[in-house]
Amino acid sequence: MKLISETRPLAGKLALASLALATISVWGVSRIDAQESTGEVPDLTGVWDGSPRARPINGPNMPWTDENFPRLNARALAYQEVWEEIIAPKYDCQPASSPAIQYDPYNMEVTQWPDRVLFRYEKDDQLRTVWLDGRQPKPHEFSVQGFSTGYYEDGALIVTTTNFVFDIVGFDDYNGIPSSSQKIVRERYWRDGDDLWITLEVEDPMFLEEPTSYTARWIPATEGYKLLPYDCDPEASRGAVRFFPSRYD
């Protein structure tokens with residue numbers, strides 16, 4: 001693994017000095033970036049492998065096992081009761097959202113800049129921007145991936161994402177759990193040796209009785225690996241629906 005100063009645009013005294021002065025407002029608290037408070041910015045840059053090589057227990061019921069399956073309220077249970085595979089928006093090329101896209105078994109590329117961190121996902125060709133410069137979302141700024149702000153603390157990247165649109169499978173398309181515009185996703189990224197880890201917590205009072213969380217890891221991708229285009233074709237994708245019988249026919 002190369003040193004951080006050799007591998008990403010954050011390198012250099014000017015960039016680090018600029019980063020150290022950035023004041024970040026997250027969760028209603030004014031913070032100074034961790035480059036000033038701890039002197040440690042984790043090196044997260046690179047292409048990361050989230051396939052079963054990194055998560056041997058990955059499967060259709062993960063990361064929500066019997067031990068941490070979310071406590072759904074009556075509204076969510078009603079949605080889940082009428083759920084069937086043929087209404088999944090993924091067959092119309094709608095991308096996965098948090099907290100599912102972080103766990104989907106695909107590669108991910110991370111790029112760190114002084115004012116932002118970019119997460120590019122091989123799954124669904126998605127790009128998330130985590131702003132480190134204190135900016136906040138505009139009232140109308142809602143999207144499938146939401147609006148993410150972050151800061152560094154104790155060798156980790158802390159991210160909070162809000163402003164999601166309603167999504168019929170915004171929580172989990174395996175189990176048919178929706179999410180609302182009140183969804184809040186909190187992520188903590190850190191390095192443990194060569195591996196990249198995440199602990200993710202999601203709350204959504206419209207559908208969850210209490211917050212729920214999971215922890216997962218990525219391993220370094222094969223040297224020289226470039227993310228492959230997902231290139232979802234709506235016609236071909238929707239064609240797969242014919243293989244799923246509807247309970248209402």
Side-chain angles (χ1 to χ4, degrees), residues 1-11 34 40-65 67-68 70 90 95-113 116-132 144-146 148-161 170-174 184-202 212-232:
M1 180 64 68
K2 294 183 179 180
L3 295 176
I4 190 170
S5 60
E6 297 176 335
T7 59
R8 63 182 172 88
L10 190 59
E40 183 180 1
V41 173
D43 181 6
L44 311 179
T45 287
V47 179
W48 300 95
D49 182 349
S51 74
R53 291 179 58 236
R55 306 164 186 168
I57 58 173
N58 190 21
N61 296 319
M62 297 299 297
W64 314 111
T65 65
E67 290 74 24
N68 75 333
K90 64 187 176 184
S97 179
S98 300
I101 196 168
Q102 292 89 338
Y103 203 86
D104 275 329
Y106 292 82
N107 288 358
M108 171 188 73
E109 183 176 20
V110 182
T111 304
Q112 290 168 276
W113 291 87
R116 74 197 74 178
V117 178
L118 304 177
F119 288 89
R120 187 178 297 277
Y121 299 92
E122 199 168 51
K123 171 69 185 295
D124 297 328
D125 296 321
Q126 290 300 286
L127 175 67
R128 293 176 62 210
T129 300
V130 178
W131 295 103
L132 306 176
V144 171
Q145 302 302 347
S148 299
T149 60
Y151 60 93
Y152 294 109
E153 181 177 83
D154 298 330
L157 172 65
I158 311 299
V159 180
T160 300
T161 306
F171 184 91
D172 181 352
D173 64 357
Y174 286 121
I184 300 175
V185 176
R186 297 182 174 92
E187 301 156 271
R188 180 177 184 268
Y189 294 88
W190 76 97
R191 291 287 300 273
D192 184 0
D194 289 337
D195 298 342
L196 173 64
W197 286 83
I198 179 178
T199 292
L200 182 151
E201 179 185 83
V202 56
T212 188
S213 65
Y214 69 80
T215 298
R217 74 163 183 164
W218 291 265
I219 60 177
T222 304
E223 185 174 358
Y225 182 86
K226 303 294 185 182
L227 296 190
L228 299 175
Y230 196 75
D231 284 343
C232 182

On a heavy-atom basis, which atom in [X] and which in [Y] lie closest, and how many Å separate them?
| X | Y | result |
| --- | --- | --- |
| Gly170 | Ser97 | O-CB, 4.3 Å |
| Asp43 | Thr45 | OD1-N, 3.3 Å |
| Glu40 | Asp154 | OE1-C, 4.4 Å |
| Ala96 | Val144 | O-CG1, 4.4 Å |
| Asp49 | Ala54 | O-CB, 3.2 Å |
| Leu44 | Trp48 | O-NE1, 2.8 Å |

Look only at the side chain of [X] and the backbone of [Y], and say whether a donor-acceptor pair between them is shorter than 3.5 Å.
| X | Y | answer |
| --- | --- | --- |
| Gln126 | Asp124 | yes |
| Arg55 | Tyr103 | yes |
| Asn68 | Pro63 | yes |

By side-chain contact (heavy atoms from CB on, under 4.5 Å), which residues pair with Arg188, not counting sequence neighbours? Ala156, Ile158, Trp190
Output all residues satisfying side-chain contact (heavy atoms from CB on, under 4.5 Å) with Thr212, sequence neighbours left out; order by chain, then residue number. Trp64, Pro70, Phe171, Val202, Leu208
Could you go through Leu118 and Glu109, starting from their C-alpha distance and side-chain angles, then the distance that decides it, and tell me whether this counts as side-chain contact (heavy atoms from CB on, under 4.5 Å)? CA-CA 8 Å; Leu118 304 177; Glu109 183 176 20; over 6 Å; no
What's the separation between atom CZ in Arg116 and atom CH2 in Trp131, rounded to the nearest 0.5 Å? 3.5 Å
Going through the distances and angles, do Gln112 and Tyr152 end up as a side chain to side chain donor-acceptor pair (under 3.5 Å)? CA-CA 11 Å; Gln112 290 168 276; Tyr152 294 109; 2.9 Å; yes
From CA spacing to verdict: side chain to side chain donor-acceptor pair (under 3.5 Å), Thr160, Thr149: CA-CA 6 Å; Thr160 300; Thr149 60; 5.1 Å; no
Test side chain to side chain donor-acceptor pair (under 3.5 Å) on Ser213 and Arg186 and set out the steps. CA-CA 9 Å; Ser213 65; Arg186 297 182 174 92; over 6 Å; no
List the steps, then state whether ring-ring contact (aromatic ring centres under 6.0 Å, His included) holds for Tyr189 with Phe119. CA-CA 12 Å; Tyr189 294 88; Phe119 288 89; 4.8 Å; yes
Determine whether Glu187 and Val130 make a side-chain contact, defined as any pair of heavy atoms from C-beta on separated by less than 4.5 Å. no
Applying side-chain contact (heavy atoms from CB on, under 4.5 Å), run through Asp192 and Arg217 and close with a yes or a no. CA-CA 10 Å; Asp192 184 0; Arg217 74 163 183 164; over 6 Å; no
Residues 222-231 side chain polar contacts: donor-acceptor under 3.5 Å, at least two apart:
residue	atom	partner	partner atom	Å
Tyr225	OH	Glu122	OE1	3.4
Tyr225	OH	Glu122	OE2	2.5

